[in-house]
Each structure stands twice: as C-alpha cells, then as structure tokens.
Amino acid sequence: MSKTVIVGGGIAGLATAFYLQQSGLSDFTLIECSPHWGGKITSAVQDGFLVEGGPDSFITQKAAAMHLCARLGLSHQFVGSNTGKNATTYVWSRGRLHPIPEGMMLMAPTMVLPFLRSRLISWPGKLRMGMEVLVPRLPGDQDESLAGFVRRRLGSEALNKIAGPLMGGIHAADPEKLSLQSTFPMFQEMEKKHGSLLRGMMKRLKRRAAPGAKATPMFMSLRGGLQQLADALIAQLPRQSLRPGCCVLTVHPDGKRYKVVLGDGGSIIADDIVFATPSYVTADLVQQIDPMLASRLRKIRYVSTATVSLGFKRSQINHPLQGAGFIVPRSERRRITACSWSSEKFQHRAPDDSVLLRVFVGGDLAEDLAEQDEPALIDLAREELQAILGITATPVLAKAYRWHKANPQYDLGHGLRIAEIERTLANLPGLHLAGAAYRGSGIPDCIQSGMNAAQSIAERIHTNHPYWDRHLPVCIGS
C-alpha cells in the first residue's frame, strides 16, 4: 500500500483526505496541530446567534464548494445571500454611508442613471470613469497591480472609493501591491478582448440576462454555519486516520520515501505528503528536503486580520440596516475596513428580535490593529460603529476572532512565484501543496487544491481511476 500523510486540517487538507478516500485510497493520515478541524472555518452558536469566526460564505461561480456540499448531502442546508436592494453594499465617505450604485459590477458601472445619481463619486470622477472606453489597451501580458490597473482605466477616485476597499478588502491587501493577474484576471481579459471594461461588463450582463438563465445567489452559506462542512467531512473519514492535536516537527528524505517526525515522539514513513499548511509553515517543514523550495515558499507574505461579531436587540438600533453592510476607504482614516450586516445578509443568523453585525479589522494596511487582544478589539468595534452607525447600545453578544498571519498576499508577480515553486516541486516526487497560498484563497479554491492533490496521488497509483473520470470534470475549470 502507498502511504499518504496530509499535514494541516483546514478545508484544503480535509478535502484532500475526502477525495483520496473517494478514489479508493484509504491508507492516509491527516495531521492537525490544533484540536480544531476546519482551519479558519469556525462557527459558534450562542444565545440564538450564529457567529462565523472566519469566512461566512463561499462564491457560487466556482463549483468546487457546491459540488463537495452536494457529495456530503448538505444541499438542503444551503442559504443564499440576499439579492436586489437587500444586497446593497455601502461606502463610508465624507461622514455618511453612500450606496454603491445599482449596476456596479465590482468596480465598473453597467447602468447609467443610478451611477449618475450617486453622490459617492464626484462629477469629475464620474466623467473620468465614463472615459474608460477611450483608454487604450495595455500591450503585453505583464502583471499589473490592482491599483495601477484601476487608476489607469477608471481613475483615482474609483480606486480610492470603490475598487480599493472592495476588491483589496476581499484579500485584506494593499491595492498597490495586489496582483491583478492572480486575483481578478477576468478584468485583464476583458481589456484584451473588448478594449474596455465597460464594454466587457455590458456583454457579460447580457449573457446573464439571457432567457432561461438561472439566477443563483453570488454567495452561499449553510444554515448551521460553515462549520457544518468541516464536520461533515470529518464524519466521512475513518477515525484511525485522524490525528488532531499532533504537530509535525520535521520532514526529511528516507530513501525514496519521506519520514514525518511528530511532536508526540512518533514518526510516519510516507510515499506522498500533502502540505496543506500556510506556506511559511510548509517552508520550515521542507527545509531539509529542498532549501530552494523553502526559500521560495517564504516569499509569499501573510498578514493578520480579526473579526468582531456584535449582537444587539433590534429595538436598540436606529439604523435600518437594509443591505449587506459597508466598506471603509483607507482615506477615511477609520480603524475598521468593513462591516457586514450578517443577520441581513443571511437568514438564521440572529433571533427575530435581534441583529448581528460583523466588523473587520487589520489587513496589510493596518495589521497592528488586528494584533490586539479580544477586549480591545471589541471596544474598537463598538467605538467605530457608534461613530458610523450611531449605535450606543450595549451588545448582548460580543465575540472576536484573531487570525495571526493567516491571510496570504498575492503580491505583484505572484503567478511567477507560483510557477517557480511548481517547477521545483516537479523534481520532488511525492510532495504536494494545497491551500490558500497558491492559486486562490477562497473556500472553493482551497477545496479544488485538495482535490487536485488527491487526483495527482491517485493517478500515480492507479491511472484513469473511474472516480476521477466520473467526478473531476464537474470542478476543474470552475
């Protein structure tokens, strides 16, 4: 039998184990240093509130998460994000909340009148955005920062008030460093194909509005929280294959195999190892195998973030909270980056007489704020919500989660770094990488990376296994 060790029990490691099992490979061990399975996926139920400590949903345009939930029998638990006006996102600017104009698709307007009526963007800013159709294509295929791309095509105001806080916020990143090619490649493709984002967006909108096109919520969650996904995966895996609360100390070659040395004094000899850990952790573990690979993995930066969930009685909140929440541009000099109105965005998040808000702190531009202890984070969030939403009530629930160096940064040139890592890895048979650091940081991306690692191992052991022939095309390319 070929032995596989999976290091890291986040969603990527869990998906790897599940798909190995589905392909008929049962001789694997999944090792997680903490007692918690799921990594940043963690849900807590308290006094009728459902609190998500990390991600609260996954994007539906990438099929891997939907597919996995269906395989686990969780489809009946799907809860889609609100649509229409109930999904409006606001921007805090000049002392008030401004709705992002209807028809804005991330950073480009697709409807004229709502855009013209909006007070978010000044008239010179609107004129500059409208002139986007006249901006020439950038020749070549070089990578460009999100900030450079938006500034060049739509102007500085669109960058500072919409694209920077919205798209940079998704990755907790500095837009000046964020690689467009590795995070939002569709915009670069639109520029090349249509010569204009506005033209490209309009054509995409027409395709979505085609007769018979099924409307699907952009984001999906689970009624009992995303922890349901991790729990369902664990329930499918053999207990003897799981090693929670066990740390891997070192990994080094052992003939044509690898020796995994554990913190409990034991060790495992493996043919394949899947590293589903942050790249800097993986770097330390592969140092004895290939110092060059370790060096390249360390070049992927990570930043710290925090979330603070606050529950209030609805009668104590004067703000209508109609929408999904708001984002805060850096130029506003506030201490939070965004606030999600969780109980408005998804059903079953708070008792009927209450509301649940989730505040985001930290990221590449304000890491130090996320490193504070829980009481300080809760105080910070309350002070900011008082200034922005006028909320003075004492919360009936307050819970903070700190994520130290947990968010990988897809800096300019990220694609080249990953290509170098993969070339090095190609000369190290039996070693595999999965997780958020490489080709996508969302839940579907992490699941896909685990599926890819499992497929690679299965193909080496038994080529053209019927499981992959039957199931893999559903997710690849999604």
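In this chain, residues are counted from 1 in sequence order.
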Could you go step by step and tell me if Asp284 and Arg298 meet the salt bridge (charged side-chain N to carboxylate O under 4.0 Å, His left out) rule? CA-CA 9 Å; Asp284 291 343; Arg298 289 191 183 98; 2.9 Å; yes
Do Tyr90 and Trp341 make the cut of ring centroids closer than 6.0 angstrom?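 They qualify: ring centres under 6.0 Å apart.
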Which residues satisfy the side-chain contact (heavy atoms from CB on, under 4.5 Å) test with [X], sequence neighbours excluded?
| X | value |
| --- | --- |
| Cys33 | Cys247 |
| Arg96 | His98, Arg119 |
| Ala232 | Leu72, Leu74 |
| Ala173 | His171, Leu178, Gln409 |

Under 4.0 Å between a side-chain nitrogen and a carboxylate oxygen: does that hold for [X] and [Y]?
| X | Y | answer |
| --- | --- | --- |
| Glu52 | Arg358 | no |
| Asp264 | Arg243 | yes |
| Glu383 | Arg335 | yes |
| Glu144 | Arg152 | yes |
| Lys345 | Asp56 | yes |

Name all residues meeting the salt bridge (charged side-chain N to carboxylate O under 4.0 Å, His left out) criterion together with [X]; count only those two or more places apart in sequence or in a different chain, and write none if there are none.
| X | value |
| --- | --- |
| Lys405 | Glu367 |
| Asp353 | Lys313 |
| Glu371 | none |
| Arg301 | Asp364, Asp411 |

Does a side chain donor of either [X] or [Y] reach within less than 3.5 Å of an acceptor in the other side chain?
| X | Y | result |
| --- | --- | --- |
| Gln322 | Thr88 | no |
| Asn160 | Ser331 | no |
| Ser241 | Thr29 | no |
| Glu32 | Ser34 | yes |

Taking only residues at least two apart or on different chains, which pairs with a member in residues 399-420 satisfy ring pair (Phe, Tyr, Trp, His ring centres under 6.0 Å)?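 Listed once each, the pairs are Tyr410-His414.
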In this structure, which one of Ser343, Ser221, Ser354 forms a side-chain hydrogen bond (donor to acceptor under 3.5 Å, both in side chains) with Arg349?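 Looking at Ser343, Ser221, Ser354, the match for Arg349 under the side-chain hydrogen bond (donor to acceptor under 3.5 Å, both in side chains) is Ser221.
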Out of curiosity, Met218 CE to Asn82 CG, how far, rounded to the nearest 0.5 Å?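 Reported value, rounded in 0.5 Å steps: 13.5 Å.
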Can you pull out every salt bridge (Lys or Arg N to Asp or Glu O under 4.0 Å) where at least one residue sits in residues 155-170? Sequence neighbours excluded, please.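 Counting only pairs at least two positions apart or across chains, the salt bridge (Lys or Arg N to Asp or Glu O under 4.0 Å) contacts touching residues 155-170 are Glu157-Lys161.
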Could you name each residue pair satisfying salt bridge (Lys or Arg N to Asp or Glu O under 4.0 Å) that touches residues 440-454, not counting sequence neighbours?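 Listed once each, the pairs are Lys62-Asp445.
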Side-chain donor-acceptor pairs of residues 435-442 under 3.5 Å, sequence neighbours excluded:
unit_1	atom_1	unit_2	atom_2	d
Arg439	NE	Glu422	OE2	3.0
Arg439	NH2	Glu422	OE1	2.9
Arg439	NH2	Glu422	OE2	3.4

Got a sec: does the CG of Asp379 have more than 12 other heavy atoms crowding it under 6.0 Å?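 Buried by this count: over 12 neighbours within 6.0 Å.
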How about Arg334: does its CZ atom have over 12 heavy atoms from other parts shown lying under 6.0 Å from it?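 Correct, the count exceeds 12.
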Under the side-chain hydrogen bond (donor to acceptor under 3.5 Å, both in side chains) rule, what do Arg296 and Ser279 come out as? Steps first, then yes or no, please. CA-CA 9 Å; Arg296 286 173 172 163; Ser279 61; over 6 Å; no
Over all heavy atoms of both residues, which pair between Thr60 and Phe219 is shortest? Give the atoms and the distance, please.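 For Thr60 versus Phe219, the nearest heavy atoms are CG2-C, 4.2 Å.
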